[in-house]
Amino acid sequence: MAPLRLPVSMGYLRQYLTLMKNGRTVASYTRMHAKSPVMYQHSSVQSRRFCLQSRSLQKEELELTSVRYNVQRGDFARISSEDVAVFEKLLPGRVIADPEELVGYNTDWLRMCRGNSKLLLRPKTTEEVSEIVKYCDSRNLAVMPQGGNTGLVGGSVPVFDEIIISTSLMNKIVSVDEISGTLVCQAGCVLEALNTHLSDIGLMMPLDLGAKGSCQIGGNISTNAGGLRLMRYGSLHGSVLGLEVVQADGTILDCLSTLRKDNTGYDLKQLFIGSEGTLGIITAVSILCPRKPQSINLAILGVSNFENCLKALKEAKGMLGEILSAFEFMDSPCIDLVRSNLKLSNPISDKPFYVLIETAGSNGTHDEEKLNLFLEKVLGEGIVEDGTVATDSTKIQSIWSIRERLAEALLHDGYVYKYDISLPLANFYDLVVDMRERVDDSATRVVAYGHLGDGNLHLNITSPTYDHDLLDKIEPFIYEWTSRYKGSISAEHGLGFKKKDFIHFSKTQNAVELMQKIKDLMDPKGILNPYKMLPEKYGD
């Protein structure tokens, strides 16, 4: 079989890897129009063998997470043939035990973490998830809920032999209210598929991620994913109206409200947003969707120093106001990266820094006038030295691809040490300078980009292969540095497995102890996504 070419965007790369683990090569979503709820499905073909044209993906078997990080297995039961028989009766044809098929589900897409699960379950309904979890609770079997497996901190794959509960077949859209803008759907709906469906009726999802082609809305909510337009539409803590969740004992918690205002008792849904599947498994969501903008403009601007990036942000907030939807930042090594690894070209002249500014509104003439006035000011005052503006959708996507494909380009270097930091803007780039000095020539490269509009830095360091000595230079230095300047060690990726033991750099001891009490109360046996989010106690 001829090698398959890698997809052309970050979202499609992740989607391709997800389909690869599912034994599929065609990534097309088919809208099924019927009176019943809308379902998005993947096309499939017979072949299950693939060859990826990327040396970063053609590697020998990844070391087990439990071995690399010296993790002790919790006191959970081990799955038996009797257990498998129970699940096969409950989910006929949707129980996977083939080791080859399980490889993709056991491995995170960055190839940083690998578990050793022997069983994958693919429920289609909340009731099936409930029965699975109820049985696992009775047997003390650990479970690992998994959506699109696009997580970046090892939270979406097992550490040992946890049973994987995939939500991929829970992909029905239940309802959309075009007037209120509320969407109700199952947790396994792919973000891009939801956006496509909503686009037909003039709505859009309130978040946009590079992984939109494969990430699932349940996973987005479980990790409180941020993305490119958080500064415009806010976090999921504000957009999510309701959730349906299966608790650790199998009980179904129905908080699937579509109301924007409901001040009756504790807002329980907030507990599950960002809890990474450690308190319950999200099976259905209700989310508020904004109107789709009629006019979109995207500018990429070259800037001589980071101070001027901040000045540009200040002016954009003041002059663009309500139409400003994204303000992204990249340093010059980012352009070098995509140029060398993906053969992408820089649409403007080379500069030390770049900002991407997106506007989205309802009146093209009005929006262009505001953007032009802004550009005249920042160019006239020397804040910006060069730039170009795209209004055509093809050109807009071409510029966005530079930013969205950075994570893909990093993979070509070999091993990636990824950090997702929130910092005060005054100290935002100082960490990058200090890190470059610290790692020096022991790293292939250090690149920085992120959501400057909401203070979120993505700092990435690469090396040809995993290098423990390099990791020791990076950690815990990066967390100590972030804590010193009152930042957060995880802005939007979560803690997962890789950052759980560093939570104290962002949260007080009292706060961590309260989290542990909540975990004990809601999951007394610790069977839900163990070894994640909280310190080691929750693998014991």
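The environment of Lys473 atom NZ is dense: over 12 non-hydrogen atoms of other residues, nucleotides or ligands sit within 6.0 angstrom. Crowding of Glu480 atom CD: a count of heavy atoms from other residues, nucleotides or ligands under 6.0 Å exceeding 12.
Ion pairing of Lys370 with Glu322 is present here, as a side-chain N (NZ or NE/NH1/NH2) and a carboxylate O approach within less than 4.0 Å. Electrostatic pairing of Asp441 and Arg436 does not count as a salt bridge here, judged by no charged N lying under 4.0 Å from a carboxylate O. Asp386 and Lys351 are not joined by a salt bridge, as no carboxylate oxygen comes within less than 4.0 angstrom of a charged side-chain nitrogen. Between Glu276 and Lys532, none of the side-chain N atoms (NZ, or NE/NH1/NH2) sits under 4.0 Å from a carboxylate O, so this pair counts as no salt bridge. Between Arg229 and Glu358, at least one side-chain nitrogen of the basic residue sits less than 4.0 Å from a carboxylate oxygen of the acidic one, meeting the salt-bridge criterion. Under 4.0 Å is where a charged nitrogen must lie from a carboxylate oxygen, and between Asp440 and Arg438 no such pair does. A salt bridge links Asp350 to Arg339: at least one charged side-chain nitrogen sits closer than 4.0 Å to a carboxylate oxygen.
Aromatic ring centroids of Phe428 and Phe306 lie under 6.0 Å apart. Between Phe353 and Tyr429, the distance separating the two ring centers is shorter than 6.0 angstrom.
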Could you give me the CA-CA distance, side-chain angles and deciding distance for Leu470 and Val439, then say whether side chain to side chain contact (heavy atoms under 4.5 Å, CB included) is met? CA-CA 7 Å; Leu470 176 56; Val439 301; 3.8 Å; yes
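Donor-acceptor pairing under 3.5 Å is lacking for the side chains of Tyr417 and Asp467.
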